[in-house]
Amino acid sequence: MSSLRKWLDGEDAYPLRAEWTAPPSKKKRTRKTRADDRRQLEGFLRVYAVCAVVLCIGLILCLVLGALRLPAFASPGNPTDNEVVRRYVGSAEAETGAENVVAGMILNYRGFDTFGESCVLFVALCCVELLLWATKPALREEAAASRKEAPRDAILARVCTLAVPCVLVYGLCILFNGHLSPGGGFSGGAVLGAALILFAVAFGGERVRRFFTQRVFDAVRISGLLLYAVLFGVYVYLGANGIESGLARVLVQIIDVAVGLVVMSTMYGFYAFYTKGEL
Amino acid sequence: MLSLLVENRYAVTASVLFAVGFLHVLLHPDLIKKVLAFNIMDSSVFLLLASRGMIAARTAAILTDGGADPSRYVNPIPAGLVLTGIVVSVSVSAFSLALIQRLYGAYGTTDMRKILEEMKKRGE
Amino acid sequence: MTAVECILLLLLLVTGVTAPLQKHPLIMVITFTLFGLVLSVLWMLLQAPDLAITEAAVGTGVTGVLFYLTLRRIRRMQGTEDDE
């Protein structure tokens with residue numbers, strides 16, 4: 001445990017070093033063998049580069065020849081235009097209550113898959129947080145130094161005063177309207193996260209931290225994931241595709257918002273951990 | 001030949017991008033450029049997938065004015081697949097960039113060959 | 001329409017192939033951002049508006065920002081090492 005702690009603080013590059021020691025090298029390296037090694041390495045790198053180029057030319061040839069033999073692009077009789085599409089488009093509105101078939105499909109027919117994706121995002125954010133834990137003090141010093149020497153960009157701030165509200169409203173619109181128009185959880189959450197990043201770049205992370213504290217951030221990302229799990233469980237328990245269209249629409253919309261919350265907090269979290277190592 | 005290339009333009013572009021991205025991944029010693037090339041490979045796969053779902057003279061699958069007539073809309077399945085893929089590819093590249101920052105902190109370089117040499121020197 | 005698509009695809013190829021070749025880190029990130037922008041227009045032409053929105057926000061915005069932040073951090077760490 002203490003070795004993990006050390007690794008998190010960046011003191012020790014390898015927490016398992018105590019368990020794994022390098023085998024002692026057998027012969028003493030002389031200058032001659034070292035020069036030999038270098039020559040060997042250079043030769044190997046040359047052969048490696050040639051092999052890589054040849055491999056990639058071969059890959060291009062194979063793939064392009066394969067691509068030319070594919071069924072023609074965008075023609076109606078393609079093998080991809082099959083009964084699955086007809087089933088999805090034909091009964092999506094009745095079964096999921098979503099007019100946007102893409103949103104309805106990823107939240108209903110492929111709901112478990114999307115839940116897995118949300119978990120991937122959540123875990124990726126946790127990993128980034130752990131990895132950049134060690135850089136927190138250095139980042140804090142850097143931020144203080146850069147704040148002292150360079151004031152905020154006036155042009156950027158003025159443009160962002162106009163742009164950020166528009167982007168936020170657009171993001172909220174496509175998040176809440178995702179089942180009726182293009183958009184949905186992933187797009188809306190991504191736009192909202194980008195708007196928050198823009199705001200933080202223009203006015204400084206402290207302004208964001210006023211309303212988006214560590215506690216709020218944790219609550220948002222965990223409650224998003226939990227909301228998804230619980231509501232999707234309820235949805236499946238009630239009969240999944242068989243339930244009434246109006247109820248399905250409400251459930252899909254709330255699940256959509258939950259995905260949006262997870263995506264938004266992940267996107268802003270990446271930015272925050274990269275700049276400050278904390279929120 | 002040219003007409004065939006133009007007809008399958010998306011698939012051809014995607015395959016060339018994939019192969020060139022693979023070449024970049026193999027040949028660049030800089031880890032950041034490897035991650036960048038990996039992102040480009042990702043996007044080329046998405047391009048191929050999404051182009052397979054396209055059908056000429058049909059609109060995106062949003063059932064507002066046309067009713068649920070399947071012959072009016074393009075295939076929604078690739079779009080759904082790619083949508084989740086884009087977001088996951090971002091989180092993967094964020095994770096690898098964080099790893100690269102830690103590697104830089106430990107070894108003082110992002111060049112993979114130099115990192116390997118340094119590791120050998122330190123006997124790890 | 002085909003001509004527009006071909007031009008955009010060529011632009012995609014050029015930016016995709018040259019982005020990792022750039023020496024200057026900032027130009028590299030900007031080229032990659034351009035790649036994402038062209039891709040998001042292509043999603044629109046492929047009748048996938050959901051993808052276009054997500055790519056414009058994520059592929060263009062957030063990924064570019066993450067690359068830029070990493071490069072800036074590495075440059076700063078280099079700077080402090082040179083001072084010592």
Side-chain angles (χ1 to χ4, degrees), chain B residues 5-7 9-10 12-14 16-18 20-21 23-25 27-28 30 32-37 39-44 46-47 50-51 53-56 58-62 73-76 78-80 82-87 89-90 93-94 97-98 100-101 104-105 108-110, chain C residues 1-3 5-23 25 28-29 31-32 35-36 38-40 42-78 81:
Chain B
L5 277 179
V6 170
E7 195 180 337
R9 51 197 176 275
Y10 284 95
V12 170
T13 315
V16 173
L17 268 180
F18 183 85
V20 175
L23 185 65
H24 283 312
V25 170
L27 284 186
H28 273 296
D30 191 353
I32 293 180
K33 292 191 173 172
K34 276 185 203 280
V35 176
L36 195 84
N39 261 302
I40 287 168
M41 280 169 77
D42 269 0
S43 306
S44 77
F46 296 153
L47 189 67
S51 79
M54 170 73 181
I55 295 160
R58 298 194 190 177
T59 56
I62 293 157
Y73 303 107
V74 300
N75 191 344
V82 173
L83 188 62
T84 44
I86 289 176
V87 180
S89 87
V90 172
S93 52
L97 286 174
I100 290 172
Q101 288 188 18
Y104 189 89
T109 174
T110 57
Chain C
M1 216 52 200
T2 313
E5 281 180 359
C6 285
I7 292 169
L8 282 173
L9 285 170
L10 273 181
L11 202 57
L12 193 74
L13 262 183
V14 170
T15 48
V17 170
T18 53
L21 293 175
Q22 304 295 332
K23 289 274 184 296
M28 183 176 88
V29 175
T31 320
F32 180 69
F35 176 84
V38 175
L39 201 59
S40 75
L42 277 172
W43 295 137
M44 210 57 230
L45 291 180
L46 284 172
Q47 293 294 335
D50 308 70
L51 291 186
I53 297 169
T54 316
E55 179 76 37
V58 165
T60 313
V62 179
T63 319
V65 167
L66 292 183
F67 273 105
Y68 172 71
L69 287 175
T70 308
L71 290 164
R72 189 181 72 172
R73 236 191 103 53
I74 283 170
R75 169 166 292 192
R76 279 199 184 151
M77 288 205 250
Q78 267 172 353
E81 266 170 29

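Numbered from 1 within each chain, the chains take letters A, B, ... in sequence-line order.
Interface summary for chain C: among B:Lys33, B:Met54, B:Arg9, the most heavy-atom pairs under 4.5 angstrom belong to B:Arg9. With respect to chain B, the highest number of heavy-atom pairs below 4.5 Å among C:Thr54, C:Ile74, C:Asp50, C:Val62 belongs to C:Ile74. Residue with the most contacts toward chain C among B:Thr109, B:Ile40, B:Ile86: B:Ile40 (heavy-atom pairs, distance under 4.5 Å). When each of C:Leu51, C:Val29, C:Leu39, C:Val58 is scored by its heavy-atom pairs under 4.5 Å with chain B, the top score falls to C:Leu51. Across B:Ile100, B:Ile55, B:Val35, the residue that shares the most heavy-atom pairs under 4.5 angstrom with chain C is B:Val35.
No side-chain heavy atom of C:Thr70 sits under 4.5 Å from any side-chain heavy atom of B:Thr110. Counting only heavy atoms from C-beta outward, the side chains of C:Gln78 and B:Tyr104 approach each other to under 4.5 Å. Side chains of B:Asn39 and C:Phe35 form no contact here, defined as non-hydrogen atoms less than 4.5 Å apart. At least one side-chain heavy atom of C:Leu9 sits under 4.5 Å from a side-chain heavy atom of B:Leu47. Using a 4.5 Å heavy-atom threshold, the side chains of B:Tyr10 and C:Leu46 count as touching. Inter-residue side-chain proximity for B:Val82 and C:Trp43 is flagged as met; some heavy-atom pair is nearer than 4.5 Å. The closest side-chain heavy-atom distance from C:Leu21 to B:His24 is below 4.5 Å.
Going from atom CE of C:Met28 over to atom CG of B:Asp30 covers 7.0 Å, rounded to the nearest 0.5 Å. Going from atom CZ of C:Phe67 over to atom CG of B:Leu97 covers 5.0 Å, rounded to the nearest 0.5 Å. Going from atom CG of C:Leu45 over to atom OG of B:Ser51 covers 12.5 Å, rounded to the nearest 0.5 Å.
Considering all non-hydrogen atoms of both residues, B:Thr13 and C:Leu12 come closest at CG2-CD2, 4.4 Å.
C:Phe32 touches chain B through its side chain: at least one heavy atom from C-beta onward sits under 4.5 Å away, while N, CA, C and O do not. Interface remark: B:Ser93 contributes side-chain atoms only to the contact with chain C (heavy atom separation under 4.5 Å). At a 4.5 Å heavy-atom cutoff, B:Leu23 makes no contact with chain C through either its backbone or its side chain.
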